[in-house]
Amino acid sequence: MGIIFEKYRNGINLGGWISQCTYEKAHIAEFITESDIIEIASWGLDHIRLPVDYPVLEDDITPIDRALEWCKSAGLNLVLDMHKAPGYSFNAHAASTFFTDEAAQNRFVELWQIITRRYANEGDNLIFDLLNEVVDAHGDAWNKIARRGIEAIHAISPERYVLLGGEHYNSSAGLHKLEIYDNPYVLYNFHFYEPMYVTHQRARWTHLRDTNITQPYPGFVQGVETLRPIFETLQFPKVTEDTMFDIDYLEKCLAPAIEFAQKHGKELYCGEYGCIGLAGTDARANYTKDVNVLFDKYKMGRALWSYKKMDFNTVGEDALIAALK
């Protein structure tokens, strides 16, 4: 058994605390406290994934210090994820300069050097997630930048585990474009939100925002005629009028990740998965349970998106929490 399934088998994200937020000190002080970490531990999870935007890192790294100490006290491990980097944001990738701007890349590497030095004395209770949800239209640029980052981290802390995710928002289909490292301390990461028609139904930031269709899970696909243009451009495997969204369909969606792990003999970690609150309690709980069955089947670690708010709230959702166990 590798480090991922041993210590990072089942966790949850702390989205919206020091990422995708206002960065105001009051928010950072109040949104997540030690009591939240204790609650997460009480659910039987083994780690948290902590998304961090680079302005927080450049301004005040102490929230990470607090999170790490709280996790250690509660018996949890920590994945530190750079959610937004200088010149790059997954939700504004069209305006990204990161893949062509050497100065932004240098800042990215320097930030990881600062982080690595600060936490050099930590063991495998802390691993690094190099960059969240890459969208790269510049050929092999991400592999080259990622290598710089990994080498900079390992020059300081040779046994620090680093997670590397691929293109198209870290989708499983993007894994095959990544450089394969003959290094046990380089691990591979993907995100899993398939099928989007379940997990992001009516989400205001997606193509589904105006569909007004409720999609059950498990259940046959709804609103085929309305969604057909989306099916044709975004979804795999193919969706037809007879498609049933269930655990068998999810396993087909997971196939690129399964094949990657088997081909290269690599551990995989799913840094994000989840189902939007708009889907309703039953669909969310059923989806979460089935995805976790598959992750366990293929020995993949994972972290649910997300603990609090962020349209994917878990706090107070007893059926959803039960589905995690």
Side-chain angles (χ1 to χ4, degrees), residues 13 15-16 19-21 49-57 79-109 111-112 128-150 162-180 186-197 199-200 203-209 229-236 253-257 260 268-274 276 302-303 305-306 310-312:
N13 279 270
S19 68
Q20 295 175 262
C21 64
R49 178 175 180 260
L50 179 60
V52 185
D53 291 352
Y54 77 93
V56 176
L57 293 168
V79 175
L80 183 59
D81 153 54
M82 190 176 294
H83 216 61
K84 295 183 180 181
Y88 183 76
S89 174
F90 68 97
N91 56 358
H93 60 84
S96 170
T97 60
F98 180 67
F99 297 107
T100 56
D101 182 353
E102 187 175 358
Q105 296 166 19
N106 290 341
R107 284 173 68 194
F108 170 76
V109 172
L111 280 171
W112 275 119
F128 297 157
D129 188 344
L130 202 59
L131 182 59
N132 180 70
E133 296 196 347
V134 172
V135 181
D136 175 21
H138 300 278
D140 204 40
W142 172 230
N143 275 328
K144 294 175 181 177
I145 299 166
R147 174 166 280 281
R148 284 190 62 196
I150 291 167
V162 181
L163 289 162
L164 176 60
E167 287 189 29
H168 197 60
Y169 303 95
N170 284 168
S171 74
S172 59
L175 286 166
H176 75 282
K177 294 185 178 181
L178 290 171
E179 179 180 352
I180 305 303
V186 178
L187 307 172
Y188 291 84
N189 171 37
F190 71 103
H191 293 178
F192 188 79
Y193 287 109
E194 283 79 28
M196 293 282 285
Y197 318 110
T199 67
H200 282 66
R204 64 188 182 280
W205 62 93
T206 72
H207 294 76
L208 299 168
R209 58 184 171 272
I230 302 173
F231 291 160
E232 292 173 353
T233 58
L234 296 179
Q235 186 62 48
F236 69 97
C253 292
L254 195 60
F260 175 90
L268 278 183
Y269 175 76
C270 180
E272 293 181 19
Y273 74 100
I276 195 168
R302 67 276 196 175
W305 186 272
S306 185
M310 305 300 289
D311 297 291
F312 288 72

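Starting from 1, each residue takes its place in the sequence as its number. Because only heavy atoms are used, hydrogens play no part in the values below, and waters and symmetry mates are left out as well, while side chains stay in. All values derive from a computational prediction rather than experimental measurement.
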I need the minimum non-hydrogen distance between Leu164 and Leu178, along with the two atoms involved.
O-CD1, 3.8 Å
Specify the closest pair of heavy atoms between Ala203 and Ile276, including all atoms of both residues, with the distance to one decimal.
CB-CD1, 3.8 Å
Give, for atom CG of Leu50 and atom OG of Ser19, the distance between the pair rounded to the nearest 0.5 Å.
7.5 Å
By the definition ring-ring contact (aromatic ring centres under 6.0 Å, His included), identify the one residue from Tyr88, Tyr54, Trp305 that meets it with His83.
Trp305
Please report the closest heavy-atom contact between Gln20 and Asp53, naming both atoms and the distance.
N-OD2, 2.8 Å
Over all atoms of both residues, closest heavy-atom pair of Pro86 and Ala104
O-CB, 3.5 Å
Answer yes or no: is there a donor N or O on one side and an acceptor on the other, between the side chain of Asn143 and the main chain of Glu179, under 3.5 Å?
yes
Enter the distance from Phe128:CZ to Asp81:CG here, rounded to the nearest 0.5 Å.
12.0 Å
Which value, rounded to the nearest 0.5 Å, describes the distance between Asp129 atom CG and Asn170 atom CG?
7.0 Å
Given side chain to side chain contact (heavy atoms under 4.5 Å, CB included), test Met196 with His207 step by step and report yes or no.
CA-CA 10 Å; Met196 293 282 285; His207 294 76; over 6 Å; no
Of all heavy-atom pairs between Ser89 and Lys84, which one has the smallest distance, and what is that distance?
OG-CE, 3.3 Å
Can you tell me how far apart CG (Leu130) and CG (Leu187) are? Round to the nearest 0.5 Å.
12.0 Å
Looking at Gly271, is its backbone amide N or carbonyl O close enough to the side chain of Asn13 to form a donor-acceptor pair, meaning the two atoms are under 3.5 Å apart?
yes
So how far is it from His176 NE2 to Glu167 CD, rounded to the nearest 0.5 Å?
8.0 Å
Quick check: do Tyr273 and Thr199 have side-chain heavy atoms less than 4.5 Å from each other?
no
Run the numbers on Asp311 and Arg204 for salt bridge (charged side-chain N to carboxylate O under 4.0 Å, His left out), then give the verdict.
CA-CA 10 Å; Asp311 297 291; Arg204 64 188 182 280; 2.9 Å; yes
Taking side chain as C-beta onward, heavy atoms only, is Trp112 less than 4.5 Å from Met82?
yes
Would you call the rings of Phe98 and Trp142 parallel, tilted or perpendicular, where under 30° means parallel and over 60° means perpendicular?
tilted
Determine whether the aromatic ring centres of residues Tyr193 and His200 are separated by less than 6.0 angstrom.
yes
What is the distance from atom CD of Glu272 to atom CD of Glu133, rounded to the nearest 0.5 Å?
5.0 Å
Are the side chains of Val135 and Phe99 in contact, using a 4.5 Å heavy-atom criterion?
no
Could you tell me whether the side chain of Arg148 and the main chain of Ile145 form a donor-acceptor pair under 3.5 Å?
no
Between Arg49 and Asn189, do the side chains contain a donor N or O and an acceptor N or O under 3.5 Å apart?
no
Minimal non-hydrogen separation, Ser172 against Pro256, with atom names:
O-CB, 3.7 Å
